[in-house]
Amino acid sequence: MLERAVVFFVALAGFALVGEGQQPARPPVTSFVTDSGSSELIVRMLDVGQGDATYIRNGSSRVIIDGGPQPSAFGRYLDSLNLNNSTIDVVILSHPHLDHYSGLRELFRTSRHIHVRYFFENKDPAPAATLAELRDSILSRMDHDSLIYRDTDDPCADSRPICTIRMTGGAMLHILAPFPNGDKPNNRSTAVKLVGPDSASFTMWLAGDAEREEIRWFETTGYARNPGMRVNVLKADHHGSCNGVTARYLALTAPKWVVVSLAAQNGYGHMHTQAKAIYRRARVPWYRTDRNGTITIRSPGTAGGGFTITPERSGTDLDGQGDRKYRPAGCATTANRRPR
């Protein structure tokens with residue numbers, strides 16, 4: 001069972017550490033330049049096609065979770081977010097699949113002059129040359145730019161399963177060790193719980209491509225109790241796949257909104273019909289990047305301030321042109337054959 005999370009403080013220049021074949025992304029929106037450096041918490045689920053990329057800003061702290069499938073597309077977001085010649089305090093790779101890691105290579109392009117303080121990933125062996133390139137860049141920055149490289153199986157390097165990041169505007173980021181016995185990369189996804197400066201106003205759960213095996217493990221290992229899984233917004237696991245959601249998962253997280261990152265023509269049938277049925281039965285509405293574009297969440301960081309969730313393009317609970325029911329019924333069982 002889960003031990004109590006470690007909490008310790010290390011001052012780091014205003015930041016505290018506590019404790020294939022995808023579609024090209026649309027051009028980034030220019031309004032990103034309005035991102036403030038105040039106590040406001042800003043979360044942007046970027047429209048990167050069939051993949052995940054999330055940017056978080058609170059105070060002067062910046063966090064990136066995953067980078068989508070294409071360095072060029074992610075690079076355009078780095079430009080529009082004014083992140084060249086800046087510091088990214090924390091980068092988290094949820095798991096080593098190309099649609100999550102490939103864009104992150106752009107962070108290490110020399111011409112961008114981006115300083116990364118911490119990089120978290122599970123460091124599992126993987127044969128991809130592009131992943132090896134990313135890891136080589138990380139190791140080089142360890143030698144020349146003081147980057148700290150953490151294994152998410154031990155995120156605070158002290159044998160505790162939870163590492164908590166305090167952002168300068170007061171938000172908290174809990175990085176949770178993944179399922180140690182996950183049978184494939186999806187079930188080794190690192191979960192993250194984001195808590196706004198006013199925890200009663202905003203919380204969010206992001207768990208990469210975790211499937212039903214790891215989702216069950218989140219509860220049995222104790223994450224439902226500490227740090228707690230109940231949140232305002234859930235990032236849909238596995239791009240809206242039916243193996244990334246269960247009725248029990250929605251009961252544990254109890255979100256007011258679900259946000260889904262995927263491409264319009266993705267080849268996997270995402271969002272799966274079974275997943276949408278589960279969300280509808282729980283009366284949880286969704287936005288999806290393929291139909292709604294980049295999705296922006298803001299919480300002012302003040303007591304009782306609540307949050308807003310704003311898509312680039314309007315419409316809720318939308319269907320997509322490639323959505324389909326997954327067959328065989330791998331989402332109703334724990335059969336070996338599961339949707340990708």
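Separating the CD atom in Glu121 from the CG atom in Leu104 is a distance of 9.5 Å, to the nearest 0.5 Å.
Although no hydrogens or angles enter the test, the distance criterion places a donor-acceptor pair under 3.5 Å between the side chain of Thr152 and the main chain of Asn122. No donor-acceptor pair closer than 3.5 Å links the side chain of Glu211 to the backbone N or O of Asn187. Between the side chain of Arg166 and the main chain of Ala171, no donor-acceptor pair closer than 3.5 Å is present. For the pair Tyr77 (side chain) and Asp47 (backbone), a donor-acceptor distance under 3.5 Å is present. In this structure a side-chain-to-backbone donor-acceptor pair under 3.5 Å is present from Asp66 to Ser94. Under the 3.5 Å distance criterion, the side-chain polar atoms of Asp323 are left unmatched by any main-chain donor or acceptor of Gly269. Put simply, the side chain of Arg188 gets close to the backbone of Phe179: a donor and an acceptor are under 3.5 Å apart. The backbone N or O of Gly75 lies less than 3.5 Å from no partner atom in the side chain of Glu106, so there is not a single donor-acceptor pair.
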(request) For Phe218 and Trp205, run ring-ring contact (aromatic ring centres under 6.0 Å, His included): C-alpha distance rounded to whole Å, both residues' side-chain angles, the deciding distance at 0.1 Å, then the answer. (result) CA-CA 12 Å; Phe218 290 153; Trp205 182 267; 5.7 Å; yes
(message) The test is side chain to side chain donor-acceptor pair (under 3.5 Å); show your working for Asn243 and Arg212 and say whether it passes.
(response) CA-CA 6 Å; Asn243 65 15; Arg212 293 185 174 194; over 6 Å; no
(request) Apply the test side-chain contact (heavy atoms from CB on, under 4.5 Å) to residues Tyr249 and Leu234: give CA-CA distance (whole Å), side-chain angles for both, the deciding distance (0.1 Å), then the verdict. (result) CA-CA 10 Å; Tyr249 193 36; Leu234 171 67; 4.0 Å; yes
(request) With side-chain contact (heavy atoms from CB on, under 4.5 Å) as the test, would you mind laying out the steps for Gln50 and Tyr268 before giving the verdict? (result) CA-CA 10 Å; Gln50 186 65 17; Tyr268 306 119; 3.6 Å; yes
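Of the residues listed (Arg291, Arg324, Arg288, Arg280), the one engaging Asp319 in a salt bridge (charged side-chain N to carboxylate O under 4.0 Å, His left out) is Arg280, and it is the only one.
Side-chain atoms of His100 and Asp209 form a donor-acceptor pair, as typed in the model, at a separation below 3.5 Å. Side chains of Thr203 and Asn232: a donor on one and an acceptor on the other come within 3.5 Å.
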